[in-house]
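All of these numbers come straight from a predicted model, not from anything done at the bench. Quick note on labels: first sequence line is chain A, next is B, and so on, each numbered from 1.
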2 protein chains.
Amino acid sequence: MPTDATPRPTIYDVAQRAGVSKSLVSLVLRDAPHVSEARRDAVLAAIDELGYRPSRAASALASQRTRTVGVLIDDFHNPWFVELLAGLRSVLDPAGYTASVADLALETASGRKPVDGFLAQHVDAIVIAADLAPGTLERVGVPIVVAGLRELGARDAGRAVDVVAGDDELGGRLATEHLLRLGHTRVAHLAGHSGPGDARRRGYESAMLAAGLEPITTGGGATTEAAGYSAACALLEAHPHVTGIVAANDVMAVGALAALRERGLSVPADVSVVGHDDSPLAAYRYLALTSVDGHSADVGAAAARALLRRLDSPDAPAHRELLALDLVVRGSTAPPPT
Amino acid sequence: MPTDATPRPTIYDVAQRAGVSKSLVSLVLRDAPHVSEARRDAVLAAIDELGYRPSRAASALASQRTRTVGVLIDDFHNPWFVELLAGLRSVLDPAGYTASVADLALETASGRKPVDGFLAQHVDAIVIAADLAPGTLERVGVPIVVAGLRELGARDAGRAVDVVAGDDELGGRLATEHLLRLGHTRVAHLAGHSGPGDARRRGYESAMLAAGLEPITTGGGATTEAAGYSAACALLEAHPHVTGIVAANDVMAVGALAALRERGLSVPADVSVVGHDDSPLAAYRYLALTSVDGHSADVGAAAARALLRRLDSPDAPAHRELLALDLVVRGSTAPPPT
DNA sequence: TTGAAAGCGCTAACAA
DNA sequence: TTGTTAGCGCTTTCAA
């Protein structure tokens, strides 16, 4: 039983009112060519007067496509995803697609496989912005675009998967070179295990080696504030004389700030800290983290374009796009103490 | 043209395989009573073997309900919503409903009215967890539940609207009384203009008046870190001797921390700070904010239950539920300097 | 450039 | 307890 007393107008009502056939209305809706101005205007007017909204259900059923794309985010707690989403939508919306957003952590908590919800919705495509267990994408049957440097990009899924990401290895290098250029020599890395995290670690290590310095890496598990704190504690225990820390992301950097403060070390006077993601956190005046900006909005937009392209030509070869990124210098970095 | 070569199995295939009729399969799917064990098992087996997934589009079209509820969040940047969503889903999922989440800020940016996306999706109901412009909910036509103390709860929409919220006025009182009990007398409020923000301000003011103290309120606009910073600057300019600050939320509290540090004031030795929301931010060791925990997960679950109830009985009188909340004491509060 | 008509996969009476 | 049968509102050939 419908909640509403007045039934919604259908395409049929619009057709009647405009004095045309259902099919013509359908054509106008998807602004097909070869429709006369007069008819088009009549239809548009009727739509307006009736307050007509097409039924997605009916359209999905008839066309066998939902015009919905699933977007899987790793964890809503870490605010890096907000810009990615904005970028995705800036391209998807005008193309008539709706983004259906899910959080891997929540999805996993509810017991089913992370993409099951999307498949039940019959999304037309999926954007993956999270690290997945191997095999999760087998037999998914819809195009997949990976946003961010996730390992599964190449393998898994047994078919062409497009990858659009910031060049996180470059990011790790930029962060490290910034500290080296300031004069630091004892620079350590708080690693986080994730697609981007691993790339950032590689970037850090290559920059250190290129400078003839020995990399010091701790952590390598979770990418949370708590993990950043523990890794920094372990680091300061083992290497009390570090003057620079490159963290795998901003929340880990915030964890490191706490560890440093506990030991009476001040930032940036005693130790400089660099984060990654340039998340809203980094910009908070109280934290003022120097951070690598991954331009998530651009990544999102590019990922959406890749998606639309693949929807057009399902058999095109896999496409891999690495976007440049840059460092935002704030108050958490300075030359080492003399 | 479908992306996949093999067409998905339909309810008809399942029926054939199980040796029953379509309707019986439909009944089993919605686990209706009065279906024999044998047939049910046969159907379930067939579903399993075929890897059948019901088509939401077809079901929505036939039943005129999408089993989807729209959830409108104020701003993904402020992580308070994560627990609310978890609470909502803990009730909605088992009931067979899918949450479709949108961000008011993003939605507004894309130029259309914030709920238009939901209406286009034909959601069965909407959860509002944001402050809306007047008139936004007129003629929406589906049940609405407001999560949080949003002004529009009572009026607007011209019909019964349920409200489930934390008792934010109590929250404001709890935060203030905590400081008073520690011995503070010059306690100020950084106000934010939002439903919960206004209630928190009232709570602060009533606690001050009850203690025979004069309320000092600044801010009252945005609820961001930047707004918290400016309001705190203005406050410290006008009232340099405050020893306690109650912020309308955690991000504003973080803004205040920066303003205090700039003036050489330390927290909590010189000034104590209390936030609201007990968001992930508050728990970061580096911030360690004492904060009012609004139990968002409980609010979410209760809101979802209210929704299901209203879907059952659309004409029930409006329901308003205020949940208790409590204070989480961390390192940002202490007795005032002597 | 437009219209007629046949489904898309499911639900929900109604019959049996 | 189970099967039959109309649609739900739209897309999409195919003809006109």
Side-chain angles (χ1 to χ4, degrees), chain A residues 1-4 6-44 46-47 50-68 96 119-122 124, chain B residues 1-4 6-44 46-47 50-68 96 119-122 124:
Chain A
M1 140 196 16
T3 316
D4 214 340
T6 16
R8 316 188 128 283
T10 75
I11 199 175
Y12 193 77
D13 301 318
V14 174
Q16 284 224 308
R17 174 135 193 164
V20 301
S21 75
K22 275 168 38 172
S23 335
L24 232 214
V25 176
S26 182
L27 289 178
V28 170
L29 282 176
R30 287 169 291 128
D31 47 32
H34 310 309
V35 175
S36 71
E37 274 303 311
R39 306 274 200 174
R40 176 192 303 288
D41 291 347
V43 170
L44 258 23
I47 286 176
L50 261 33
Y52 167 76
R53 292 171 188 282
S55 153
R56 291 180 146 252
S59 141
L61 184 57
S63 69
Q64 300 292 67
R65 47 223 303 292
T66 53
R67 297 205 160 262
T68 296
L119 297 182
Q121 273 181 79
H122 293 259
D124 290 346
Chain B
M1 141 198 14
T3 316
D4 215 339
T6 15
R8 318 189 126 283
T10 75
I11 197 175
Y12 191 78
D13 302 318
V14 175
Q16 284 224 310
R17 173 135 194 164
V20 301
S21 76
K22 276 168 37 172
S23 342
L24 232 213
V25 176
S26 182
L27 289 177
V28 171
L29 282 176
R30 290 170 287 131
D31 47 34
H34 310 309
V35 175
S36 70
E37 273 304 312
R39 305 276 197 170
R40 174 191 305 287
D41 290 347
V43 169
L44 290 173
I47 286 176
L50 260 35
Y52 166 76
R53 291 172 189 282
S55 154
R56 292 180 146 253
S59 142
L61 184 57
S63 68
Q64 300 293 67
R65 45 226 300 293
T66 54
R67 296 204 160 262
T68 296
L119 296 182
Q121 272 182 77
H122 293 258
D124 290 345

Measure the shortest side-chain to side-chain distance between A:Arg53 and B:Leu119 over non-hydrogen atoms and say whether it is less than 4.5 angstrom.
yes

Report yes if at least one side-chain N or O of B:Gln64 is closer than 4.0 Å to OP1 or OP2 of D:dG9; otherwise report no.
yes

Taken to the nearest whole Å, CD/A:Gln121 to P/C:dG9 is 18 Å

Indicate whether any N or O donor in one side chain lies under 3.5 Å from an N or O acceptor in the other, for B:Ser36 and B:Arg40.
no

Per the end-axis method with five pairs at each terminus, what is the bend angle of the helix from C:dT1-D:dA16 to C:dA16-D:dT1, to 10°?
30°

Establish, with yes or no, whether the OP1 or OP2 oxygen of D:dG9 is under 4.0 angstrom from a side-chain nitrogen or oxygen of A:Arg53.
no

Within a strict 4.5 Å, meaning less than it, do heavy atoms of the B:Val25 and B:Tyr12 side chains meet?
no

I'd like a table of atom pairs between the protein and nucleotides 1-4 of chain C - only N or O on both sides, under 3.5 Å - with the distance next to each one.
from, atom 1, to, atom 2, distance (Å)
C:dT1, OP2, A:His34, ND1, 2.6
C:dT2, OP1, A:Ser36, OG, 2.8
C:dT2, OP1, A:Arg39, NE, 2.9
C:dT2, OP2, A:Ser36, N, 3.0
C:dG3, OP2, A:Ser21, N, 3.0
C:dG3, OP2, A:Ser21, OG, 3.1
C:dA4, N7, A:Ser23, OG, 3.3
C:dA4, N6, A:Ser23, OG, 2.8

OP1 or OP2 of C:dC10 less than 4.0 angstrom from a side-chain nitrogen or oxygen of B:Tyr52, does that happen here?
yes

Any donor-acceptor N/O pair, A:Ser63 side chain to A:Ser59 backbone, under 3.5 Å:
yes

Nearest to side-chain heavy atoms of A:Ala58, which nucleotide of C:dT11, D:dC10, C:dC8
D:dC10

For B:Arg56, which residues count as a salt bridge (Lys or Arg N to Asp or Glu O under 4.0 Å) partner, sequence neighbours excluded?
none

